[in-house]
Amino acid sequence: MRVRFAPSPTGALHIGGARTALYNWLLARHAGGTLVLRIEDTDRERSTPENVEQILDALRWLDLDYDEGPISQVSRTERHQEILEQLLAGGHAYRSSATADDVRAFKDEHGAERGFRGDAEESGAVRLRVPDDGATVVHDVIRGETTFRHTHLDDPVIARADGSVLYNFAVAVDDLDAGITHVVRGEDHLSNTPKQLLVLEALGAQQPIYAHLPLLHGPDGKKLSKRHGAASVQELREAGYLPEALRNYLALLGWGSDDDQTIISTDELVERFSLERVSRNPARFDEQKLRWLNGRYLRELGVDDLTARLEQYTGRSGLRAAVEISREKVQTLADFWPLAGFIFDGPADDPAAREKWLTPDGMTALQAVRSALEEVDPFELGPVQEALEGVVRDLGAKPKQVFQPVRVALAGRAVSPGIFETLVVLGREESLARIDRALAP
RNA sequence: GCCGCUAUCGUCUAGGGGACUAGGACGCCGCCCUCUCACGGCGGAAACCGGGGUUCGAAUCCCCGUAGCGGUACCA
């Protein structure tokens, strides 16, 4: 089995492309096949080296490797010209000066369902000659057979007047030369397939097995865009998602195991993935489910691993103790700093929290806690907890009437990791200093 | 307009003629746990797009309609 992932570098790698890459990768790894990476850069206007680098970077981060490539489609220009001449010489293609307007005029005259047919001229763009009768049938592993009647097809332009080739031609030739056995790509390419098949047929080549994946849409069912928040791999990475969680989530968008398992490791995906079980209906990208899944993966990580990732993500070091007491409370790497950053940067400033908890009663409780903490020895979880609970008893108060003022004094907010744990991580000196600051008029 | 694909809870899906009182997961609601926020546990509401067939029997097969999406470029 030889499969390929063939993105065009006209922008960042979006989750749709990432899923296509993932499925091809899973397929290749499952079958012990070869994954070829090809960069479809025949659109010289929009293709940039920066975009290529971004795609490569996204694949690296996702930990999806490939066995051959990346090979640039334009680097194969000579070969494309050779095939082009071959088709021209064999009468499978012809030059035509017909413009888009001419094509429209042709359809107005012959009916909208009648595809454009041109006459061979001396110069102009190269069009593939499509037979008038008959049909091209696409055999798709996911969708079954789809028939495209030739009369509905226009003679497609396969090379510009200047000789540069177009997508549907380049793809067919490149897939053929690369010996691709399975073409797995988005459903938006389904209607392109007959054109590619016609090129292959003109070349007397065998057709690969096709699998057209259902498209991915935004939460509103519309095409994914900036409007929907994070839609590119880069953005998801910046939003604090883990690559393994994203792989799991993406795999589930259009594919499900027979037992409908939700949490499924990459190794298990490789083992269980099959094209036959890919769904036919489009899916919507639901970030809430990704968040939940990411939280599950985050909590599976050991403290050391999670600390390392958070230190890389935040660019800070010495996070381990804070990570240890926060890991149950975060779903993404981005959630960590807002929750635990006060440990390093000092209390936040939340007037509402101060007003609610640093009341006269709150100050009384805080004073009592301060005295109790001074005595605690050693300053560790058990003793600290006993000391605070002692204050609660002595004051005859509810736990939160004592703990919340302390929390606000330490964190500046009404939300934080557990209060005993936070005290221990801050240490006696820093804790007392923060309490004193809160007590100061 | 034309060509094509698709159609199960709000979302991702299981289901491939009787096992369906349609299962799971996210989200939502309630309860429990609880120092906040979470995590976790328990429970609940929530779907077969509509209409015709085929069949003893249809979420499952066929047709029509409707809707969504894709293509219709000298873009990919």
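Chain A is the first sequence line, chain B the second, and so forth, proteins listed ahead of strands; every chain is numbered from 1. The structure displayed is predicted, hence computed values, not measured ones.
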Closest to the [X] side chain: [options]?
{"X": "A/N281", "options": "B/rA7, B/rU11, B/rU72", "result": "B/rA7"}
{"X": "A/W292", "options": "B/rG27, B/rC2, B/rC74", "result": "B/rG27"}
{"X": "A/R296", "options": "B/rA76, B/rG40, B/rA38", "result": "B/rG40"}
{"X": "A/P282", "options": "B/rC69, B/rG27, B/rU6", "result": "B/rU6"}
{"X": "A/E187", "options": "B/rC74, B/rC5, B/rC39", "result": "B/rC5"}
{"X": "A/H189", "options": "B/rA76, B/rC35, B/rA38", "result": "B/rA76"}
{"X": "A/H152", "options": "B/rG70, B/rC26, B/rC3", "result": "B/rC3"}
{"X": "A/A125", "options": "B/rC74, B/rA25, B/rG4", "result": "B/rC74"}
{"X": "A/F148", "options": "B/rG70, B/rG27, B/rC3", "result": "B/rC3"}
{"X": "A/R160", "options": "B/rC69, B/rC3, B/rA76", "result": "B/rA76"}

**Request:** Please list residues of residues 406-415 of chain A whose heavy atoms come under 4.0 Å from any atom in RNA chain B, ordered by number; otherwise none.
**Result:**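 Hits under 4.0 Å, by residue number: A/R407, A/A414, A/V415.
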Atom [atom1] of [X] to atom [atom2] of [N]: distance rounded to whole Å?
{"X": "A/E421", "N": "B/rC37", "atom1": "CD", "atom2": "C1'", "value": "13 Å"}
{"X": "A/D41", "N": "B/rA76", "atom1": "CG", "atom2": "P", "value": "10 Å"}
{"X": "A/D350", "N": "B/rU36", "atom1": "CG", "atom2": "C1'", "value": "12 Å"}

**Asked** So which nucleotide does B/rA38 pair with, by the Watson-Crick or G-U wobble rule with both distances under 3.5 Å?
**Response** none
Check the phosphate of [N] against [X], side-chain N and O only, distance under 4.0 Å to OP1 or OP2. Yes or no?
{"X": "A/R143", "N": "B/rG70", "answer": "no"}
{"X": "A/T42", "N": "B/rA76", "answer": "yes"}
{"X": "A/R327", "N": "B/rC39", "answer": "no"}
{"X": "A/R299", "N": "B/rG40", "answer": "yes"}

Restricting to nitrogen or oxygen on both sides, can you table the protein-nucleotides 18-24 of chain B pairs closer than 3.5 Å?
| residue | atom | partner | partner atom | Å |
| --- | --- | --- | --- | --- |
| B/rG23 | N2 | A/D260 | OD2 | 2.3 |
| B/rG24 | N3 | A/D260 | OD2 | 3.0 |

**Item:** Backbone of A/T262 reached by a side-chain donor or acceptor of A/N248 within 3.5 Å
**Value:**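 Here the side-chain-to-backbone pair exists.
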